[in-house]
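See structure below.
Atom set for the values below is all heavy atoms of this structure, side chains included, hydrogens, waters and symmetry mates excluded. The chains referred to below are lettered A, B, ... by the order of the sequence lines, with proteins before strands, and numbering in each begins at 1.
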2 protein chains.
Amino acid sequence: MMELTRKGEYAIRGIVFLASRPPEQVCLLSDIAAAVDVPPTFLAKIFQQFSKIGLVKSYRGTGGGFVLGRTPDRITLLEVVEAVEGPITPNRCVIKEGECPRDTSCNVHPVWVDVQQQVRDILNSVTLQKLAQR
Amino acid sequence: MMELTRKGEYAIRGIVFLASRPPEQVCLLSDIAAAVDVPPTFLAKIFQQFSKIGLVKSYRGTGGGFVLGRTPDRITLLEVVEAVEGPITPNRCVIKEGECPRDTSCNVHPVWVDVQQQVRDILNSVTLQKLAQR
DNA sequence: ACTAAAAAGACATTATAAGTCTTTTTTATG
DNA sequence: CATAAAAAAGACTTATAATGTCTTTTTAGT
């Protein structure tokens, strides 16, 4: 359980690759896809999501492609993962206060809150810079 | 992401309810299902899994039903969750050493190992006794 | 104008989750 | 021993989400 989807795995591979390139070099999606062994059309969707929230910058047309939206030391694994997988929610009940009817009486709830917190903390402490270094 | 399935949620509800009952009281599956608001046929499957690994003991025939397989202070949330959801694996690559080809070169791998460890630790520290108390 | 690229949207396929139904086995009891 | 009550087992269905493709549109450089 608690498994990252392939989309998430691909997303990480793709953006880590981008982070490992020289800073201002514009990369073709097709090149990234080939390098990290991901279906190009699928990776395109992923990078569109990245682009919308500024994790990457995209340039269209001839000579276009992608570069990181920020320096790799200022992008965390948490951001990358949540960008494509949505928020870390070990259980539905942690999404919003008072969501589940069992609510106050439920002793399990705080456990999920704890899990969520820990996982977020770990992923948030890892930057693309760290992941891109060899 | 990292979300418990409904099956997992049902599993917890069911066995926590059982843990909240007087120790030697045999409970009907139908009663448990009604109490925790889960489709009885679905809960039956879940309790069959519990039974196989000894988390609960089942009695068939007239007067049959379920009781906990051990005292509630010796059953952890981790066991319950893994019983129905399988092992906690934030990513495929943590399942077995040398599984993924990127392996040694992959800087992300240790992060998943860390996540797995932390989540398991949290769930393992919570007993049914704690969850069943009001 | 033409070409190269990403963006957008619709679509197709596959896998997993969620749930049901029927039959079989076990066991207590009249 | 016959019956009824219960769980076990297996086959099946349906719904939802993951995974991926294809086509068209927009944008930008030459």
Side-chain angles (χ1 to χ4, degrees), chain A residues 1-15 18 25-34 36-69 81 83-87 89-92, chain B residues 1-15 18 25-34 36-69 81 83-87 89-92:
Chain A
M1 79 160 294
M2 314 219 87
E3 207 159 314
L4 193 71
T5 66
R6 216 168 300 181
K7 186 177 179 186
E9 165 72 19
Y10 292 166
I12 295 170
R13 280 195 219 164
I15 203 167
L18 193 57
Q25 181 183 330
V26 176
C27 289
L28 287 183
L29 181 80
S30 54
D31 289 347
I32 304 173
V36 301
D37 191 28
V38 169
T41 53
F42 198 12
L43 194 65
K45 295 299 182 188
I46 293 168
F47 269 65
Q48 281 172 29
Q49 291 186 262
F50 283 161
S51 180
K52 274 178 191 159
I53 60 174
L55 283 190
V56 303
K57 269 193 299 194
S58 73
Y59 299 98
R60 295 159 81 147
T62 308
F66 295 91
V67 296
L68 277 190
V81 169
V84 297
E85 303 264 24
T89 52
N91 200 356
R92 287 163 180 74
Chain B
M1 80 162 293
M2 315 218 87
E3 206 159 316
L4 193 72
T5 66
R6 216 168 301 180
K7 186 177 178 185
E9 165 72 18
Y10 292 167
I12 296 170
R13 279 195 221 165
I15 203 167
L18 194 56
Q25 181 183 330
V26 176
C27 288
L28 288 184
L29 181 80
S30 54
D31 289 347
I32 303 173
V36 300
D37 192 29
V38 169
T41 54
F42 198 13
L43 194 65
K45 295 298 184 190
I46 293 168
F47 269 66
Q48 280 174 29
Q49 291 186 263
F50 284 160
S51 180
K52 274 178 191 157
I53 60 174
L55 283 189
V56 303
K57 268 193 301 194
S58 73
Y59 300 98
R60 296 160 79 149
T62 309
F66 295 91
V67 296
L68 278 188
V81 168
V84 297
E85 303 265 24
T89 53
N91 200 357
R92 287 162 180 75

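- With DNA chain D read from its 5' end, the first of the two nearest nucleotides for A:Pro39 and A:Tyr59 is the one closest to A:Pro39.
- With the nearest nucleotide of DNA chain C identified for both A:Thr62 and B:Thr41, A:Thr62 has the one nearer the 5' end.
- Evaluation of the side-chain contact (heavy atoms from CB on, under 4.5 Å) rule for A:Phe42 yields A:Lys7, A:Tyr10, A:Pro39 as partners, not counting sequence neighbours.
- Counting to the nearest Å, the P atom of C:dA15 and the CZ atom of B:Arg92 are 12 Å from each other.
- B:Leu55 places its CG atom 17 Å from the P atom of D:dA7, with the value rounded to the nearest Å.
- The interatomic distance linking B:Leu18 (CG) with D:dA7 (P) rounds to 11 Å, in whole Å.
- Checking D:dG20, D:dA7, C:dT20 against the side-chain heavy atoms of B:Ser58 singles out D:dA7 as nearest.
- For the OP1/OP2 pair of D:dA8 and a distance below 4.0 Å, the side-chain nitrogens and oxygens of B:Ser51 include at least one atom meeting the criterion.
- Side-chain atoms of A:Thr5 come within 3.5 Å of backbone N or O of A:Gly8 as a donor-acceptor pair.
- The side chain of A:Lys45 lies closest to C:dA8, out of C:dA8, C:dA7, C:dA18.
- Contacts of B:Phe47 with the nucleic acid, taken as non-hydrogen atoms under 4.0 Å apart, are absent.
- Under the rule for a salt bridge (Lys or Arg N to Asp or Glu O under 4.0 Å), B:Glu85 has no partner lying at least two apart in sequence or in another chain.
- Across all their heavy atoms, B:Leu28 and B:Gly64 have their closest contact at CD2-O, 3.4 Å.
- Minimum heavy-atom separation, B:Gln49 to B:Ala83: NE2-O, 3.4 Å.
- Taking only side-chain nitrogens and oxygens, B:Tyr10 never comes nearer than 4.0 Å to OP1 or OP2 of C:dA18.
- Rounded to whole angstrom, the span from the CD1 atom of B:Ile53 across to the P atom of D:dA8 amounts to 13 Å.
- Contact annotation: B:Arg60 side-chain N/O to C:dA28 OP1/OP2 distance is not under 4.0 Å.
- Residue A:Leu29 is the one, among A:Leu29 and B:Thr5, whose nearest nucleotide of DNA chain C lies closer to the 5' end (criterion: closest heavy atom).
- Note: CG (A:Asp37) to P (D:dG20) measures 11 Å, nearest angstrom.
- A straight line from CZ of A:Phe42 to C1' of C:dA12 spans 14 Å, rounded to a whole angstrom.
- For A:Lys7 against D:dG20, no side-chain N or O and base N or O form a donor-acceptor pair under 3.5 Å.
- Counting any heavy atom pair closer than 4.0 Å across all strands shown, B:Lys52 reaches sugar-phosphate atoms only and no base atom.
- Atom CD of B:Glu9 and atom P of C:dA18 are 11 Å apart (whole Å).
- Between the CD atom of A:Gln49 and the P atom of D:dT19 there is a distance of 13 Å, given to the nearest Å.
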